[in-house]
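Okay, so here's the structure we're looking at.
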Amino acid sequence: PESTRQTTTVETPTKSGSQKVHVFEGNDVASFEKLLKDTNLVVVDFFADWCSPCKRALPVVDALAQEHSDVLFVKVNTEKSSAVAKKYGVKGIPRFLFFKGGTKVDDLTGFDDKKALEERVVKLKS
């Protein structure tokens, strides 16, 4: 049987307390889509543990979560949540999808530096 929804929260210490980054593991697409509607802007980071560019993006995503507490950041391991990755057509990783009100508004595949990712977060949350 497919695993049920598992969402954990990773607390990242900040000067003003902590920022929560959600980690979604499981193949319940409906639960994942409900999570996308929880806030104004949701940034979903599709990754895998073995992926070098994903590892380079990890501290950048954590830093952006600290800087933009009004944005929900969700990390999805493509190997543990293959049904969710398939639903959103994730073929290359890292892949970042941006949602507003449950609707995809932008995407970015790959990670070269933090500039492109940071620019999209700033532009889309305004």
Side-chain angles (χ1 to χ4, degrees):
E2 286 190 300
S3 61
T4 58
R5 174 184 174 210
Q6 286 187 309
T7 304
T8 55
T9 303
V10 177
E11 301 241 355
T12 306
T14 65
K15 291 176 185 168
S16 61
S18 65
Q19 169 62 37
K20 294 176 173 69
V21 176
H22 296 275
V23 179
F24 183 90
E25 294 180 345
N27 281 308
D28 186 346
V29 174
S31 292
F32 178 76
E33 289 176 340
K34 183 179 182 291
L35 187 64
L36 297 179
K37 297 177 183 179
D38 285 351
T39 189
N40 183 36
L41 177 62
V42 180
V43 179
V44 182
D45 173 11
F46 287 94
F47 74 98
D49 293 330
W50 51 263
C51 167
S52 294
C54 299
K55 291 177 185 176
R56 288 196 309 273
L58 181 64
V60 173
V61 171
D62 289 344
L64 288 172
Q66 288 180 18
E67 294 170 30
H68 303 279
S69 59
D70 53 339
V71 177
L72 176 64
F73 288 83
V74 180
K75 297 177 184 182
V76 178
N77 186 323
T78 57
E79 294 183 324
K80 294 180 181 177
S81 301
S82 57
V84 174
K86 183 178 180 181
K87 161 83 174 166
Y88 289 94
V90 175
K91 294 186 183 350
I93 54 174
R95 180 148 187 222
F96 302 91
L97 299 182
F98 303 83
F99 295 86
K100 281 189 169 184
T103 302
K104 186 176 92 167
V105 294
D106 203 352
D107 66 81
L108 174 67
T109 300
F111 182 79
D112 294 321
D113 61 45
K114 73 177 201 171
K115 187 176 179 182
L117 182 58
E118 188 172 36
E119 286 174 350
R120 279 185 168 86
V121 170
V122 169
K123 179 182 92 173
L124 292 170
K125 76 176 208 172
S126 59

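Counting from 1, the numbers follow the sequence of the chain as shown.
- Residues satisfying the side chain to side chain contact (heavy atoms under 4.5 Å, CB included) test with D112, not counting sequence neighbours, are none.
- Side-chain contact check for L117 versus L108: some heavy-atom pair is nearer than 4.5 Å.
- For the salt bridge (charged side-chain N to carboxylate O under 4.0 Å, His left out) condition, the pairs that include at least one residue of residues 101-110, sequence neighbours left out, are R95-D107, K104-D107, D106-R120.
- Looking at every heavy atom in both residues, V76 comes nearest to S81 through CG1-CB, 3.6 Å.
- With sequence neighbours excluded, the residues that form a side chain to side chain contact (heavy atoms under 4.5 Å, CB included) with K115 are D113, E119.
- One distance of note links NZ of K114 with CG of L64; it measures 7.0 Å at 0.5 Å rounding.
- The line from NZ of K55 to CH2 of W50 is 10.0 Å long, rounded to the nearest 0.5 Å.
- By the side chain to side chain contact (heavy atoms under 4.5 Å, CB included) test, K87 is found to be paired with V29, E33, residues two or more places apart in sequence or in another chain being considered.
- Here K75 pairs with D62 in a salt bridge; the nearest charged N to carboxylate O distance falls below 4.0 Å.
- The ring pair (Phe, Tyr, Trp, His ring centres under 6.0 Å) check on F98 picks up nothing, with sequence neighbours excluded.
- At a threshold of 4.5 Å between non-hydrogen side-chain atoms, the residues F99 and L72 do not count as touching.
- Under the 4.5 Å side-chain heavy-atom criterion for Ile, Leu, Val, Met, Phe, Trp and Tyr, V43 and V122 are members of distinct hydrophobic clusters.
- Two residues are said to be in side-chain contact when any heavy atoms from C-beta on lie closer than 4.5 Å; F73 and D45 fail this criterion.
- Every residue meeting the side chain to side chain contact (heavy atoms under 4.5 Å, CB included) condition with K125, not counting sequence neighbours, appears here in chain and number order: L41, H68, D70, V71.
- Side-chain atoms of V44 and L36, non-hydrogen and from C-beta on, do get closer than 4.5 Å to each other.
- In this pair, F46 and Y88 present their aromatic rings tilted. The plane angle is within the 30 to 60° band.
- For T109 against G92, the heavy-atom pair with the smallest separation is CG2-O, 4.0 Å.
- When every heavy atom of A48 is checked against every heavy atom of T78, the shortest pair comes out as CB-OG1, 3.9 Å.
- Between F111 and F47, the distance from one ring center to the other does not fall under 6.0 angstrom.
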